[in-house]
Amino acid sequence: MGILLNFLLPRYCIGCGERLIGEEKHLCLKCLIKMPRTWLWLNPEENELAKNYWGRTGGLEVKRVVGYLSYVPDGTVSEIVKAFKYRGAKKLAYDMGRMMARELKPYGLFDDIDAIVPVPVTLRRRLQRGYNQSEWLCKGINKETGLVIYDKALKRLKFDTSQTRLTGHERTENVMDAFALVERSKALLEGKHLLLVDDVITTSATTRACASQFAGIPGIRVSILGFSTAQSQGMRRELVNRS
C-alpha cells in the first residue's frame, strides 16, 4: 500500500526537492545526514549562545541553552522553519521535535527537566496559522521524553511587528512587555526546572523576554532549547580549535 501511495501521491524532500522513497519523511536521507548540527549541546551552560542570557533575564539564572541546527537563510533549515510558520506544517514541527529530542536525549539535555514550555503566539497569529509551531515541537519532544507540556504558563500580549527584518536592538524593543506570566500558574511552577522551546533563536530577544517572566518564582530554574539558531558559529570555532 505504501509503495502504491508513493506512486499515486509522490512526496518530495523539503531540502533538495528530490522525490522521497520508502520510509523517508519530509527529508531524504542525504539531506537528513547533512543537516547542520550546531553541537552546542556539548557545552550547554557556557557556549556562545548561552552567554547572550547571562545577566539579561530579569535576575533569573538560565541554566542551559542549546540551538539544535544552524539557521542560514535560503538553506534547508530555513525552508523547514518557513513550512512551520507559513504552510501549516504542524506534523513537520512534531516530527522535527521528535528528531531533535532523540538526538539530544543521550547528552543529558533533558535530565532534571520537569516540564517544557512553548514560546506563545498571539491569539491572532494562532488563528492565522491554526496552531503554534513551538507547541508542536514540544509535542514531538513529549513523545520522546514523556515531559509534560505547560502550554498555559505564558501568554503573548502583543506582536506589533514581525521580528524577521529587525535589528538586534529593534527585536529587543519589539518584544519588551510582549509576554506575561499566567498568574494561576505561579504555584504550579515553584521549584520546577522548565525548558523553554522556540523554533528559531536569532538575537535571543524573544526567549530572554519569556524567561524574564519567571523571575521571582521561588526555586524556579529555566533552560532554553531552539530548533534552530542563527548564532552557532562560536561553538563551531571552539570545536575546531580543540581538534
Side-chain angles (χ1 to χ4, degrees), residues 2 5-6 8-41 49 65-104 116 118-122 125-144 159 161-168 171 174 196-207 224-236:
L5 283 175
N6 280 340
L8 296 175
L9 300 170
R11 301 167 299 125
Y12 298 95
C13 176
I14 293 172
C16 65
E18 292 293 321
R19 188 165 176 168
L20 298 176
I21 59 174
E23 298 300 314
E24 293 176 341
K25 293 171 64 177
H26 311 300
L27 294 162
C28 68
L29 182 59
K30 180 175 65 176
C31 286
L32 195 61
I33 292 172
K34 290 169 60 179
M35 292 281 271
R37 274 76 173 175
T38 66
W39 301 104
L40 292 170
W41 52 90
L49 184 60
V65 182
V66 168
Y68 174 50
L69 299 172
S70 292
Y71 183 97
V72 179
D74 303 318
T76 298
V77 178
S78 68
E79 287 303 311
I80 292 172
V81 172
K82 287 176 187 175
F84 291 169
K85 291 180 179 292
Y86 309 120
R87 301 174 199 155
K90 63 183 180 182
K91 183 61 166 61
L92 174 62
Y94 174 80
D95 288 338
M96 291 296 103
R98 292 192 66 180
M99 181 179 77
M100 177 168 60
R102 282 197 301 268
E103 190 160 344
L104 300 184
I116 43 182
V119 169
V121 296
T122 60
R125 186 57 56 85
R126 181 183 282 274
L127 291 174
Q128 287 173 341
R129 293 178 183 165
Y131 67 104
N132 174 2
Q133 69 276 8
S134 295
E135 190 175 315
W136 278 82
L137 285 168
C138 286
K139 289 177 185 288
I141 295 169
N142 163 267
K143 180 67 175 180
E144 297 297 325
F159 200 149
T161 308
S162 172
Q163 297 279 78
T164 306
R165 300 183 184 279
L166 302 181
T167 66
R171 286 171 186 261
N174 192 44
L196 186 64
V197 177
D198 203 3
D199 57 348
V200 185
I201 299 175
T202 307
T203 64
S204 312
T206 297
T207 42
I224 312 286
L225 175 60
F227 171 71
S228 62
T229 177
Q231 300 187 44
S232 59
Q233 295 307 309
M235 185 61 185
R236 288 190 166 206

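All values below were derived from every heavy atom in this structure, side-chain atoms included, with hydrogens, water molecules and symmetry-related copies excluded.
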Taking the inter-plane angle between the rings of Y68 and F227 on a 0 to 90° scale, is it parallel (under 30°), tilted (30 to 60°) or perpendicular (over 60°)? tilted
Minimum heavy-atom separation for C138 and V197, please, with both atom names. SG-CB, 3.6 Å
Under 4.5 Å between any side-chain heavy atoms of C16 and C31, yes or no? yes
What's the shortest heavy-atom distance between R19 and Y12, and which atoms? CA-CD2, 3.7 Å
Distance, nearest 0.5 Å, that separates NZ of K90 from CH2 of W136: 4.5 Å
Could you check if a side-chain atom of V72 sits within less than 4.5 angstrom of a side-chain atom of S78, using non-hydrogen atoms only? no
Atom pair CE (M96) and CE (M99), whose distance is rounded to the nearest 0.5 Å: 4.0 Å
Decide yes or no on side-chain contact (heavy atoms from CB on, under 4.5 Å) for I116 and L137, but give the supporting numbers first. CA-CA 10 Å; I116 43 182; L137 285 168; over 6 Å; no
Please list all pairs passing the salt bridge (Lys or Arg N to Asp or Glu O under 4.0 Å) test where one or both residues lie in residues 92-101, with sequence neighbours left out. K25-D95, K91-D95, R98-E144
Taking only Lys NZ, Arg NE, NH1 and NH2, and the carboxylate oxygens of Asp or Glu, determine whether K30 and E18 approach each other closer than 4.0 Å. no
Is the shortest side-chain heavy-atom distance between T229 and L40 below 4.5 Å? yes
For R37 and E103, what are the C-alpha separation, side-chain angles and deciding distance, and is it a salt bridge (charged side-chain N to carboxylate O under 4.0 Å, His left out)? CA-CA 10 Å; R37 274 76 173 175; E103 190 160 344; 3.1 Å; yes
For residues 75-85, pull every pair meeting salt bridge (Lys or Arg N to Asp or Glu O under 4.0 Å), keeping only residues two or more places apart or in separate chains. E79-K82, E79-R87, K85-D199
What's the shortest heavy-atom distance between L49 and S204, and which atoms? CD1-OG, 3.9 Å
Mark yes or no for whether R11, through its side chain, and E24, through its backbone, hold a donor-acceptor pair below 3.5 Å. yes
If only side-chain N and O atoms count, and only distance matters, is there a donor-acceptor pair under 3.5 Å linking D198 with S134? yes
Any donor and acceptor pair, going by atom type alone, linking the side chain of S228 with main-chain N or O of L69 inside 3.5 Å? no
Between Y94 and A89 (side chain of the first, backbone of the second, donor and acceptor by atom type, cut-off under 3.5 Å), is there such a pair? no
Output the distance between atom CD (E135) and atom NZ (K139), rounded to the nearest 0.5 Å. 5.0 Å
Would you find a donor on one side and an acceptor on the other, under 3.5 Å apart, between the side chain of S70 and the backbone of T38? no
Atom CG in N132, atom CZ in F84: separation rounded to 0.5 Å? 11.5 Å
Testing the basics here: between C28 and L20, what is the closest heavy-atom pair and its distance to 0.1 Å? N-CD2, 3.4 Å
Measure the CD1-CG distance between I201 and L225 for me, rounded to the nearest 0.5 Å. 7.0 Å
Are I224 and V66 side-chain neighbours, meaning at least one heavy-atom pair lies under 4.5 Å? no
